[in-house]
Amino acid sequence: LAAEHAALDAVVAGLAEDQWTAETPAIGWDVKDTIVHLIQADVAARLAATVPEQFEAAKTAMMNGGGGLESVFGSKGNKSGADVLEWWRIERAIMLDAFRAHGPRDRIPWFGPEMSTLSFATARLMETWSHGRDVADSFGAPWPGTERLRHVAHIGVSTRGWSYFNRGLEMPAGDVRVELMAPSGEVWVWGPEDAANRLVGSDR
């Protein structure tokens with residue numbers, strides 16, 4: 001996760017102020033909006049990991065019409081791009097320290113079901129990577145696949161059952177074989193070789 005932060009930081013660190021308001025492929029979001037969204041989730045994650053009762057109170061307030069992420073976990077306001085970058089660096093470092101203070105299987109509350117520390121960190125990796133692609137694509141900056149994406153693929157495979165449950169659906173019987181070509185050329189594999197259903201793709 002720290003490495004994913006660093007990769008995106010390298011994309012935005014040298015931006016001029018007007019570039020922070022460049023539109024991204026996510027319609028309605030500019031670069032500053034995107035980074036602030038990551039910050040808000042990092043702040044929420046830090047609270048969930050360190051002061052869970054405070055996080056739960058904030059979540060309840062949001063669900064009862066007490067405001068969105070901006071009102072509870074901070075907004076961009078009139079902050080400059082440099083201000084947002086410094087804010088992100090501070091908050092993500094605090095969040096990482098909060099994760100490191102837990103064991104990998106400790107449970108941490110979230111907006112959906114609670115997660116293990118390991119899954120939580122992977123979810124933050126996933127979001128940083130996906131929004132990072134939006135930012136990089138805004139400038140044609142390189143955003144190559146890395147071995148870190150294996151963690152993202154793994155959480156997708158391992159939560160397949162939950163994706164059905166979350167939508168009130170019954171998971172179909174049978175296994176799924178997933179084969180992904182990694183950036184290194186290795187093939188990442190999940191599921192039995194003789195599974196009737198197969199998903200094959202690359203790191204992109």
Side-chain angles (χ1 to χ4, degrees), residues 1-46 62 67-93 95-96 110-112 115 119-160 162-163 166-167 178-184 188 199-204:
L1 177 54
E4 201 65 34
H5 290 154
L8 180 52
D9 193 302
V11 174
V12 299
L15 295 183
E17 186 59 34
D18 64 324
Q19 291 178 302
W20 280 91
T21 55
E23 291 297 315
T24 72
I27 297 173
W29 280 22
D30 61 24
V31 172
K32 193 182 296 185
D33 293 325
T34 304
I35 300 300
V36 168
H37 173 73
L38 290 175
I39 294 168
Q40 290 164 344
D42 289 349
V43 171
R46 178 251 295 171
M62 289 176 61
L69 287 173
E70 295 82 4
S71 63
V72 180
F73 302 115
S75 67
K76 68 177 181 179
N78 294 320
K79 294 181 178 68
S80 68
D83 291 337
V84 168
L85 179 58
E86 183 62 20
W87 182 23
W88 180 43
R89 286 171 173 170
I90 292 170
E91 288 297 345
R92 77 195 198 209
M95 179 188 66
L96 287 173
W110 196 231
F111 293 101
M115 291 186 284
S119 291
F120 207 139
T122 303
R124 298 306 307 133
L125 165 62
M126 175 176 60
E127 190 169 14
T128 305
W129 163 71
S130 60
H131 287 304
R133 173 169 290 283
D134 283 344
V135 172
D137 286 352
S138 299
F139 306 106
W143 194 248
T146 71
E147 299 301 298
R148 297 189 293 273
L149 294 180
R150 189 181 192 285
H151 300 291
V152 177
H154 179 77
I155 199 172
V157 173
S158 62
T159 58
R160 174 176 171 245
W162 168 251
S163 68
N166 192 42
R167 290 161 179 78
V178 178
E179 299 178 3
L180 297 179
M181 179 68 72
S184 66
W188 298 331
L199 179 65
V200 178
S202 73
D203 65 285
R204 297 184 65 85

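Each residue takes its place number in the sequence, starting with 1.
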For this session: Output yes when a side-chain donor or acceptor of K32 lies under 3.5 Å from a complementary backbone atom of K79, and no otherwise.
Result: yes

Exercise. Which residues pass the salt bridge (Lys or Arg N to Asp or Glu O under 4.0 Å) test with D134, sequence neighbours left out?
Worked result: none

For this session: Using modelled atom types only, decide if a donor and an acceptor are shared between the side chain of N166 and the backbone of S163 within a distance under 3.5 Å.
Result: no

Exercise. Just by modelled atom types, is the E91 backbone N or O under 3.5 Å from a matching donor or acceptor in the R46 side chain?
Worked result: no

Seminar exercise, completed: Nearest heavy-atom approach of V12 to W20 is O-CZ2, 3.8 Å

Exercise. Where do P25 and S138 come nearest, in terms of heavy atoms and distance?
Worked result: CD-OG, 3.7 Å

Exercise. What is the minimum heavy-atom distance between A13 and L85, and which atoms define it?
Worked result: CA-CD2, 3.8 Å

Exercise. Restricting to pairs with a member in residues 19-28, which pass salt bridge (charged side-chain N to carboxylate O under 4.0 Å, His left out), not counting sequence neighbours?
Worked result: none

For this session: Could you list the residues that satisfy ring pair (Phe, Tyr, Trp, His ring centres under 6.0 Å) with H131, not counting sequence neighbours?
Result: W29, H37

Exercise. Considering residues at least two apart in sequence or located in another chain, which fulfil the side-chain contact (heavy atoms from CB on, under 4.5 Å) criterion with S80?
Worked result: E17, A82, D83

Seminar exercise, completed: Heavy-atom nearest pair, G28 first then D33, reads O-OD2, 3.7 Å

Problem set entry | Stepwise side chain to side chain contact (heavy atoms under 4.5 Å, CB included) test for W143 and V11 | CA-CA 9 Å; W143 194 248; V11 174; 4.0 Å; yes

Problem set entry | For V31, the option from T21, V36, V84, L15 that meets side-chain contact (heavy atoms from CB on, under 4.5 Å) | L15

For this session: Identify, with sequence neighbours excluded, every residue that meets salt bridge (Lys or Arg N to Asp or Glu O under 4.0 Å) alongside R89.
Result: D9

Exercise. Who are the ring pair (Phe, Tyr, Trp, His ring centres under 6.0 Å) partners of W110, not counting sequence neighbours?
Worked result: F55, F120

Seminar exercise, completed: Sorted by chain and residue number, the side-chain hydrogen bond (donor to acceptor under 3.5 Å, both in side chains) partners of R124 (sequence neighbours excluded) come out as D42, E127

For this session: Could I get the full list of side-chain contact (heavy atoms from CB on, under 4.5 Å) partners for L199, not counting sequence neighbours?
Result: V178

Problem set entry | Heavy-atom side-chain proximity of W129 to R148 below 4.5 angstrom | no

For this session: Sequence neighbours left out, what passes side-chain contact (heavy atoms from CB on, under 4.5 Å) with S158? Give chain and number order.
Result: H154, I155

Problem set entry | Non-neighbouring partners of W87 that pass ring pair (Phe, Tyr, Trp, His ring centres under 6.0 Å), sequence neighbours left out | none

Exercise. Excluding sequence neighbours, so at least two apart, what forms salt bridge (Lys or Arg N to Asp or Glu O under 4.0 Å) with E147?
Worked result: none

Problem set entry | Interatomic distance, L180 atom CG to W188 atom CH2 [nearest 0.5 angstrom] | 7.0 Å

Exercise. In chain order, what residues pass the side-chain contact (heavy atoms from CB on, under 4.5 Å) check against T128, with sequence neighbours excluded?
Worked result: L1, E4, H5, L8, L38

